[in-house]
There are 2 protein chains.
Amino acid sequence: MHYINKKLLINKVSVNKIVKQIGTPSYVYSYNLLRENILKFKKNFKKINPLICFAVKANNNIKILNEISRLGLGADVVSMGELMAALKAKIDPKKIVFSGVGKTYEEIMFAVKKKILLINAESKSEIEVILKVAKKFNTRINIGLRLNPNVDALTIKEITTGKQINKFGLSDNEVIEFIKLYKNSKLVSIKCLSVHIGSQITSHIPYLKMLNAIQKIINKSNYSFEYIDLGGGMGINYGKNIKLLNYKKYADQILKFITKNNAKIIFEPGRSIVGNAGFLVSKIIYIKKTKKVNFIILDAGMNDLMRPALYKAYHRIIPAVKSRIKIFKRHDFVGPVCETTDKFLSVKSYQKLNEGDNVIICDVGAYGKVLSSNYNLRSKASEILIKNSKILRIKKKENLKTII
Amino acid sequence: MHYINKKLLINKVSVNKIVKQIGTPSYVYSYNLLRENILKFKKNFKKINPLICFAVKANNNIKILNEISRLGLGADVVSMGELMAALKAKIDPKKIVFSGVGKTYEEIMFAVKKKILLINAESKSEIEVILKVAKKFNTRINIGLRLNPNVDALTIKEITTGKQINKFGLSDNEVIEFIKLYKNSKLVSIKCLSVHIGSQITSHIPYLKMLNAIQKIINKSNYSFEYIDLGGGMGINYGKNIKLLNYKKYADQILKFITKNNAKIIFEPGRSIVGNAGFLVSKIIYIKKTKKVNFIILDAGMNDLMRPALYKAYHRIIPAVKSRIKIFKRHDFVGPVCETTDKFLSVKSYQKLNEGDNVIICDVGAYGKVLSSNYNLRSKASEILIKNSKILRIKKKENLKTII
């Protein structure tokens with residue numbers, strides 16, 4: 001993504017050309033960035049040779065999942081819908097793990113039928129349902145036990161998952177108890193110990209604490225897991241100059257860990273694979289100048305992108321065409337939805353903009369489209385993939401008539 | 001809604017019967033409560049004889065809108081989708097007003113073609129677009145001017161709309177300027193002065209300030225508006241013992257106002273019409289007992305009901321079957337979505353519950369279903385209307401295959 005002659009290009013295609021063809025608001029994904037992220041991720045953990053299961057909850061577009069699959073990744077799914085999507089995208093069932101605190105009997109049955117790699121169990125009740133399914137199918141189901149390591153991920157509260165007060169996972173005592181209970185079971189085979197401490201993590205320290213918690217379980221239980229699922233959570237740079245995760249320190253520690261414990265590592269990254277590869281392209285409907293603020297009213301709303309309203313998330317907004325003229329006044333980029341939370345960004349100054357101009361909300365590839373709704377009876381945006389300088393429409397804009 | 005023989009009934013129909021027929025999660029609406037709310041609203045403002053335009057953004061189910069229409073109400077819409085829904089529900093176009101900061105050219109064209117009562121304009125740019133449409137159709141378009149009265153609604157920040165720092169409405173100077181500019185225009189006819197200061201308002205004081213702000217405009221401009229649109233925002237009781245809006249004081253003041261100014265009042269209530277008439281019925285998938293917390297894992301998630309995650313909104317949760325046994329331990333009611341924000345309620349104690357039991361999340365008729373999404377690739381819930389003790393399915397549960 002860069003400017004040539006003041007015009008913004010995504011993989012050599014100008015944003016204004018995309019808008020002409022597809023309209024706004026549209027989610028635009030860069031294949032190059034997606035591929036680059038995956039290659040980087042693999043390189044960072046090369047010595048570990050992990051199974052990388054993309055967290056489908058971050059982005060469930062079938063074409064995106066299919067590209068991710070072609071680049072060698074599996075999938076981490078959290079519902080029957082996500083499992084169906086992963087299979088439709090031709091992801092190998094043997095590379096699919098099923099996580100989540102509320103898997104129903106029907107979902108577990110479906111997963112077992114599809115012969116996926118692992119079901120990561122999160123409660124005693126869930127294990128009992130898995131046993132029921134195993135009896136019904138007269139089979140032995142491969143499971144993981146999800147440990148809640150009670151580690152603070154040092155990320156924002158809303159996306160912390162590995163504290164005791166969160167709904168996720170089992171306590172260390174429970175894990176040890178269940179290993180004893182089920183290690184010789186004919187209905188389940190405990191293949192994996194799984195953890196996930198949160199999202200958008202930018203320090204390796206919580207991860208090291210997490211590894212320690214896992215090591216303790218292994219030592220205490222004297223059980224050898226075939227897989228250790230370390231979850232995902234690797235933070236990305238949303239454009240505020242933050243220090244990012246030190247992958248090397250994390251990888252080194254994991255290498256020590258697997259050398260000692262002889263287990264295959266599973267990762268479940270989402271944001272770090274697809275976050276910066278997605279852009280929300282939007283047109284300025286009106287510019288409303290008040291005394292203190294210029295309101296830039298976009299045709300994308302909170303129904304298209306929930307993260308700012310839901311998590312107060314920061315997303316850079318850049319113009320499709322650059323100008324040298326700068327306006328030193330507060331600019332609020334807002335949507336057309338009838339709600340004060342429908343606001344994307346507030347900045348102290350911005351380049352000169354005109355009604356009808358296009359702008360790009362950055363880093364929305366993860367937790368963007370998947371969280372969109374029909375609030376204010378607005379149809380969901382289209383999705384486009386830029387690959388080999390071609391504009392591929394990978395999801396049509398919803399037809400209003402189908403949602404009314 | 002009450003218990004008979006420990007079983008919860010909604011308009012004489014037991015919740016467990018509804019679940020048997022329709023499944024969970026489901027939005028259930030009570031026709032009786034809807035009707036009661038409308039009659040109460042009318043009674044509260046009887047002497048004023050207002051035009052009541054239901055705020056479709058609160059609930060856009062066609063059948064609900066149709067029932068509201070049969071009870072005499074019009075509609076306040078904020079998008080082409082909502083206008084289409086209102087028309088489909090047979091709401092009289094002459095009772096429809098169109099609000100919102102980002103109406104596009106296409107939306108304004110559509111509204112003009114459908115001959116709705118009013119377009120409430122919110123910016124100079126929007127008025128210019130309205131003029132363009134009027135020229136194209138060679139007609140005179142009835143508009144309202146939305147004033148931003150810079151009044152604090154004393155409600156939560158996220159749903160305040162009438163402060164200068166919000167994106168909504170025009171300043172008093174702008175309103176006066178536009179009256180001068182357009183009062184003799186052949187393209188627009190200024191019929192209405194419109195205000196809306198926020199949502200879930202429980203004190204009449206901000207409303208009185210708002211009336212003062214309007215009176216000032218009228219005095220300064222010496223213009224007589226046919227309509228004064230006071231918006232909605234009347235708060236409801238979400239079950240925390242709060243003081244509610246004193247309707248009498250508000251109505252008395254409005255009566256004085258219209259006696260003086262001879263205008264027809266428009267209201268745009270949403271929450272107060274439908275909020276307490278909607279219930280989200282959900283089944284307990286698992287009960288996960290940890291040291292400090294019993295996690296009650298429901299089959300409804302934040303994708304079904306966003307308000308707790310988005311606004312930290314409080315919604316009571318009541319059991320479908322009452323028990324006398326009380327458990328004195330913290331209970332967290334959470335959904336199955338893989339996210340810490342997917343939590344509805346935390347209470348210090350609760351009656352004994354079992355896996356498979358049904359519970360009801362209360363007061364979700366407004367801003368419930370309309371904000372729902374397919375997050376975690378979960379299909380949107382069905383909607384049911386209870387009318388004359390009959391279970392009417394007014395929206396089918398989404399088929400997973402259609403969203404993948």
Of all heavy-atom pairs between I297(A) and V101(B), which one has the smallest distance, and what is that distance? CD1-O, 3.5 Å
When the 4.5 angstrom heavy-atom criterion is applied to D342(A) and chain B, the contacting part is both
Side-chain touch K57(A)/V337(B), heavy atoms, less than 4.5 angstrom: no
State, to 0.1 Å, how close G102(B) and P336(A) come at their nearest heavy-atom pair, and which atoms those are. CA-CB, 3.9 Å
Could you tell me if the side chain of D332(A) sits less than 4.5 Å from the side chain of K167(B), heavy atoms only? no
Could you check if a side-chain atom of F168(B) sits within less than 4.5 angstrom of a side-chain atom of T340(A), using non-hydrogen atoms only? yes
Looking only at heavy atoms, which two atoms of Y286(A) and S125(B) are closest? And how far apart? CD2-CB, 3.3 Å
Show the nearest heavy-atom pair for residues N376(B) and E82(A), with the distance to one decimal. CA-OE2, 3.3 Å
Which region of E355(A), side chain (C-beta onward) or backbone (N, CA, C, O), has a non-hydrogen atom less than 4.5 Å from a non-hydrogen atom of chain B, or is it both or neither? side chain
Any side-chain heavy-atom pair from E122(B) and K288(A) closer than 4.5 angstrom? yes
Choice from R378(A), K283(A), M84(A), E126(A) maximising heavy atom contacts with chain B below 4.5 Å: E126(A)
Please step through side chain to side chain contact (heavy atoms under 4.5 Å, CB included) for the pair L310(A) and M306(B), ending with a clear verdict. CA-CA 9 Å; L310(A) 188 56; M306(B) 257 295 184; 4.0 Å; yes
Interchain contact, I287(A) with chain B, by part (heavy-atom threshold 4.5 Å): backbone
Taking every heavy atom of S372(A) against every heavy atom of S373(B), the minimum-distance pair comes out as O-CB, 3.3 Å
Are there residues of residues 394-404 of chain B that reach to under 4.5 Å of chain A by heavy atoms, and which ones? K395(B), L400(B), K401(B), I403(B), I404(B)
Is it the side chain or the backbone of V293(A) that comes within 4.5 Å of chain B heavy atoms, both, or neither? side chain
Among K291(A), K343(A), K369(A), R330(A), which has the most heavy-atom pairs under 4.5 Å with chain B? R330(A)
